[in-house]
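Down below is the structure, laid out as structure tokens.
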Amino acid sequence: MDDVNKLTSVRNAGTVFMRRDCYIFEVVPNTTISNYKNNVNGVADPNNWDWSKYSWVDTYHNLGYKVMMIMSYNTPWLAYNNEMHGVPKDWDVYRDIIKKIYQHFKGKVDFIEIWNEPDHTHFLRLDGSPYTDRLVAYKDIYHNAASAIRSVDASIPIGGPVVSNPSFTNWAAALLTDSRTGSNVDFLTYHQYQNGSYTEEVTNWKNVAAQNGRPNMPVYLTEWNYDWQYIKTPINN
């Protein structure tokens, strides 16, 4: 939703939080890993990138919303399987891209989620990569993305694992216990598209954080509905 009048009305009604994707493939030019590393035709210069789809960041920020930006997926030329949901095949390039995207929006976003539903077979594709386990791949993605963001901002809250199912608390535990990622997990986040108990789910996620030394960690439910097709609302209807 980009209509300023509607956004103003929603903000005046008390909504303070907006979550939205930044798709890497929409921003970064189509190139090759070699050309990016050598900055052929300025492809590694963010001044030459396409930011035209992201004026909403300024709009939301100027209206006083807290903005959660999802660093979403990949760009095909950087993926093992040559598509946007594929695992990055060069971590140096991936970190550089994430760093420059965050630098562009620094001060206008308030939270960063890394990837979206990496547990889902469609949203994190392992084909062509050396990975056989999505959680292992996601931990490497999270580590590299968070490290890139931390290189320019020590305080922006970064979170995950952004899983598609509230029962996947093992992904949260894996992030919190990995020495490369644990210190860069500032909140936990998951999605709910089936009948369930919100109170029980949040308690489960908070318990996982507490069991791993983070008893005060925020937990966010960032997508929800009766099912993923939005056929019935509200949940339990």
Side-chain angles (χ1 to χ4, degrees), residues 1-8 17-118 120 122-125 128-129 137-138 140-142 144-153 156-160 162 222-223:
M1 182 171 69
D2 296 323
D3 185 298
V4 173
N5 290 329
K6 291 180 181 178
L7 285 165
T8 300
F17 183 91
M18 286 285 190
R19 172 184 182 260
R20 195 159 167 178
D21 295 273
C22 176
Y23 292 107
I24 292 173
F25 80 94
E26 290 184 334
V27 174
V28 181
N30 186 28
T31 186
T32 66
I33 291 174
S34 176
N35 284 352
Y36 186 92
K37 286 185 170 181
N38 291 292
N39 197 26
V40 174
N41 296 322
V43 293
D45 183 349
N47 291 312
N48 298 324
W49 295 1
D50 184 0
W51 303 103
S52 61
K53 293 182 174 66
Y54 293 93
S55 60
W56 58 264
V57 178
D58 288 298
T59 301
Y60 291 2
H61 175 70
N62 291 339
L63 288 172
Y65 286 100
K66 295 291 185 182
V67 178
M68 177 179 284
M69 175 173 282
I70 316 162
M71 290 292 180
S72 284
Y73 311 128
N74 198 357
T75 190
W77 57 264
L78 185 55
Y80 280 103
N81 66 351
N82 300 308
E83 67 104 358
M84 64 179 282
H85 298 110
V87 178
K89 59 183 175 181
D90 189 302
W91 293 118
D92 290 338
V93 173
Y94 178 68
R95 284 195 303 272
D96 192 64
I97 290 171
I98 295 295
K99 174 184 176 179
K100 289 171 179 174
I101 289 176
Y102 178 72
Q103 281 179 317
H104 183 82
F105 295 117
K106 186 174 184 282
K108 300 175 183 178
V109 297
D110 303 279
F111 307 87
I112 298 289
E113 277 187 322
I114 296 176
W115 215 269
N116 178 66
E117 298 192 352
H120 197 289
H122 178 72
F123 295 123
L124 178 55
R125 301 182 64 92
S129 81
Y138 181 66
D140 283 353
I141 290 167
Y142 193 100
N144 282 280
S147 296
I149 294 164
R150 283 284 174 256
S151 71
V152 289
D153 193 329
I156 181 76
I158 305 171
V162 208
T222 53
E223 292 184 26

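Here, residue 1 is the first one in the sequence, and each next residue gets the next number. Quick caveat: nothing in here was measured; it's all calculated off a predicted structure.
A distance-only check finds no donor-acceptor pair linking the side chain of N41 to the backbone of V43 [under 3.5 Å]. A donor-acceptor distance shorter than 3.5 angstrom exists from the side chain of T32 to the backbone of N35, with no hydrogens or angles considered. Side chain of N38 to backbone of S34: a donor-acceptor contact under 3.5 angstrom is found.
Using a 4.5 Å cut-off on side-chain heavy atoms (C-beta onward), L63 and T8 make contact. Looking at heavy atoms from C-beta onward, I114 lies in side-chain contact with I141 at the 4.5 angstrom threshold. Residues S151 and K99 have side chains in contact (heavy-atom distance under 4.5 Å, counting atoms from C-beta outward). Within the 4.5 Å cutoff, side-chain heavy atoms of N74 are placed close to those of W115. In this structure, V40 and T31 have side chains that are not in contact, with every pair of non-hydrogen atoms separated by 4.5 Å or more. The shortest distance between side-chain heavy atoms of I24 and L78 does not fall below 4.5 Å. Within the 4.5 Å cutoff, no side-chain heavy atoms of V27 are placed close to those of Y23.
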Evaluate W77 against V93 for side chain to side chain contact (heavy atoms under 4.5 Å, CB included), listing each step before the verdict. CA-CA 11 Å; W77 57 264; V93 173; 3.9 Å; yes
Could you walk me through whether M69 and Y102 pass side chain to side chain contact (heavy atoms under 4.5 Å, CB included), step by step? CA-CA 9 Å; M69 175 173 282; Y102 178 72; over 6 Å; no
Just do the side chain to side chain contact (heavy atoms under 4.5 Å, CB included) check on L7 and W56 with the steps written out, would you? CA-CA 10 Å; L7 285 165; W56 58 264; over 6 Å; no
CA sep, side-chain torsions, deciding dist, call: F105, W51, ring-ring contact (aromatic ring centres under 6.0 Å, His included): CA-CA 10 Å; F105 295 117; W51 303 103; 5.5 Å; yes
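Counting heavy atoms of neighbouring residues, nucleotides and ligands inside a 6.0 Å radius, atom NZ of K108 does not exceed 12 of them. Within 6.0 Å of CG on N48 lie more than 12 heavy atoms contributed by other residues, nucleotides or ligands.
Using a 3.5 Å distance cut-off with no hydrogens or angles, the side chains of D90 and Y36 do not pair a donor with an acceptor. For the residue pair R19 / N116, a side-chain donor-acceptor distance below 3.5 Å is found, with atom types taken as modelled.
One finds the CD atom of Q103 at 10.0 Å from the CG atom of D153 (value rounded to the nearest 0.5 Å).
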